[in-house]
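The basis for the numbers below is simple: all heavy atoms, side chains too, and nothing from hydrogens, waters or symmetry mates. Residue numbers begin at 1 in each chain, while the letters A, B, ... track the order of the sequences.
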Amino acid sequence: RYLSNLMIEAYGKCHSPQLALETFHAIKNPNLFSYNIVIEACAKNGWIDNARSLFDRMPLQHVISWTTILAAYAQARDLAQARKLFDSMPERTLVSWTAILGAYAQEGEIEKAKVVFDLMPERNIISWNALLAAFAQHGHLESAELFFDSMPEHNVSSWNAIMDAFAQDNQLQKTLHFFQAMAERDLISWTCVITAYSLAGHLVLARKTFDSMPERDLVTWTAMIQAYAHNGEPHKARELFEKMPFHNVVASTAMVAAYTFRGQMDEARKLFDSLTKVNMVTWNTMLTGYSQHGHLEQARAIFDTMPERDTSSWNVLIAAYAQAGYLVEAEKLLTRMERLDEASWTALIVAHLYHGHLHEAKSIFDSMTVRD
RNA sequence: UCACUACUUACUGAAUUG
């Protein structure tokens, strides 16, 4: 059983919830660990309903089981369910508190995150980091830095979080300052620096950093490819892409984006067609490429072919029609969408303005249900 | 048989839309 539990965990980490479940069901007397592990294996791979029904059916729910399923809902961005679980838990540990705090942090519910933080009976460095991340990842750089300075201690995650906040805000000097100030650095710290250089347009320095790192992983490689992509160097991106020890869908999509960014749609297409694994982001990348480089027909073909669409797929196509002057078609698409966001409306408004239809733009603006 | 121990949950980095 001990070995089976390890197997289930391994399958979960390898994104094989199916095998994890099979292994679990083959155990004659699953213990608490077996349940907790299989629940997490399902949850982490998006099988939240399986996770939930296992949780509901398990003989005795430990606080760890509760926290696992709570974290699963948080990861699925179902804040309401996460909160409901938190409120109904028979007992809570520091981990449970930090999990709900992290859920609010992730959704940018800063005020609620603060409340949780203040209410927690105890805190550790991870709780502090969770609230720090709430500030850092939602553009509250000043609060983030103040909070960072007020923390009783820092670990490498704290440093990385604050450093990345400034990197994403394209404050290169500040980013480097934190990087130099930290006592120990890990892969994440180094990868942040690559991103910072890339966003600031310093490709050579980004590459120098990449070359001088003590070690690299898939994310590091992808960050460097993205650096070339973002700065309009698909050729160099490809060189690196070919040298990578492994590819995953994120790396491949970054490479596709390197081509689409420059409008090299034939190259993009060739790569896209050769990929064995793509996801919605990859499809959206192709869709965006065709849209932004005047290939409306191809964009539509992609849109109609892709297995599923998210809000940004719709937004891209709407913007493409709108920019090309097919405002009626754009509006028609807009009415067919299930979940609009601000970008959908903005695309249409901008298009009307671009074509001098001030009145229509205004009336669309007025009819919006949400604005940011 | 019992006990002990071990395995499970929370924070930071990479790809697509204004």
Side-chain angles (χ1 to χ4, degrees), chain A residues 1-6 8-9 12 31-41 43 62-72 74 93-103 105 124-134 136-137 155-165 167-168 186-195 217-227 229-230 248-258 260 279-289 291-292 310-320 341-350:
Chain A
R1 186 167 64 193
Y2 170 78
L3 282 179
S4 298
N5 288 351
L6 287 179
I8 301 172
E9 189 183 7
N31 66 4
L32 180 59
F33 289 117
S34 322
Y35 272 101
N36 289 344
I37 296 170
V38 74
I39 287 172
E40 202 212 346
H62 187 263
V63 61
I64 293 185
S65 326
W66 280 93
T67 308
T68 304
I69 197 85
L70 158 57
T93 61
L94 174 56
V95 177
S96 335
W97 279 95
T98 310
I100 193 73
L101 167 57
N124 64 7
I125 179 76
I126 298 186
S127 340
W128 282 86
N129 285 348
L131 187 57
L132 172 64
Q137 293 175 346
N155 65 9
V156 67
S157 293
S158 334
W159 284 95
N160 289 342
I162 190 77
M163 184 171 64
D164 184 58
Q168 301 295 341
D186 63 7
L187 261 176
I188 298 184
S189 331
W190 285 91
T191 308
C192 277
V193 173
I194 293 178
T195 304
D217 68 2
L218 190 57
V219 176
T220 321
W221 282 86
T222 309
M224 193 60 227
I225 287 174
Q226 169 65 4
H230 180 84
N248 67 0
V249 65
V250 177
S252 304
T253 305
M255 190 56 234
V256 172
T260 61
N279 63 17
M280 197 166 10
V281 178
T282 325
W283 282 98
N284 282 345
T285 304
M286 291 300 294
L287 173 62
T288 305
S291 295
Q292 292 185 343
D310 65 5
T311 307
S312 67
S313 326
W314 286 88
N315 291 346
V316 169
L317 196 65
I318 289 169
D341 66 8
E342 296 81 1
S344 333
W345 295 98
T346 309
L348 200 60
I349 291 173
V350 167

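- Note: CG (A:L32) to P (B:rU9) measures 12 Å, nearest angstrom.
- Interatomic distance, A:W314 CH2 to A:L287 CG, rounded to the nearest 0.5 Å: 11.5 Å.
- Note on A:N124: a base of the nucleic acid sits closer than 4.0 angstrom, heavy atoms only.
- Per the geometry, CD1 belonging to A:I100 stands 14 Å off C1' belonging to B:rU9, to the nearest Å.
- Counting any heavy atom pair closer than 4.0 Å across all strands shown, A:S157 reaches a base atom.
- A:D217 has its CG atom 13 Å from the P atom of B:rG13, to the nearest Å.
- With sequence neighbours excluded, the residues satisfying side-chain contact (heavy atoms from CB on, under 4.5 Å) with A:A319 are A:A347.
- Counting to the nearest Å, the C1' atom of B:rG13 and the CE atom of A:M163 are 8 Å from each other.
- Listed candidates were B:rU12, B:rU8, B:rC11. Nearest to the side chain of A:I64 is B:rU8.
- A search for ring-ring contact (aromatic ring centres under 6.0 Å, His included) contacts involving A:W128 returns A:F117, A:F147, not counting sequence neighbours.
- Atom CD1 of A:I188 and atom P of B:rU12 are 9 Å apart (whole Å).
- A distance of 11.5 Å separates OG1 of A:T98 from CD1 of A:I125, quoted to the nearest 0.5 Å.
- In this structure, the side-chain contact (heavy atoms from CB on, under 4.5 Å) partners of A:D186, at least two apart in sequence or on a different chain, are A:V156, A:N160, A:I188, A:S189.
- In this structure, the CG atom of A:L101 is 11 Å from the P atom of B:rU12, given to the nearest Å.
- Not counting sequence neighbours, the partners of A:W159 by the ring-ring contact (aromatic ring centres under 6.0 Å, His included) test are A:F148, A:H154.
- In this structure A:S157 satisfies the side-chain contact (heavy atoms from CB on, under 4.5 Å) test together with A:N129, A:N155, sequence neighbours excluded.
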I'd like a list of close polar pairs between nucleotides 14-18 of chain B and the protein, N/O only, cut-off under 3.5 Å.
| from | atom 1 | to | atom 2 | distance (Å) |
| --- | --- | --- | --- | --- |
| B:rA14 | OP1 | A:Q168 | NE2 | 3.3 |
| B:rA14 | N1 | A:N248 | ND2 | 3.4 |
| B:rA14 | N3 | A:T222 | OG1 | 3.4 |
| B:rA15 | N1 | A:N279 | ND2 | 3.1 |
| B:rU16 | O4' | A:T285 | OG1 | 3.1 |
| B:rU16 | O2' | A:T288 | OG1 | 2.8 |
| B:rU16 | O2 | A:N284 | ND2 | 2.9 |
| B:rU17 | O2 | A:N315 | ND2 | 2.9 |
| B:rG18 | N2 | A:T346 | OG1 | 3.0 |

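- Rounded to whole Å, the distance from CG on A:N36 to P on B:rA10 is 12 Å.
- The residue A:L6 sits close only to the backbone: its heavy atoms come under 4.0 Å of sugar-phosphate atoms, none of a base.
- In this structure, the CH2 atom of A:W66 is 19 Å from the P atom of B:rU9, given to the nearest Å.
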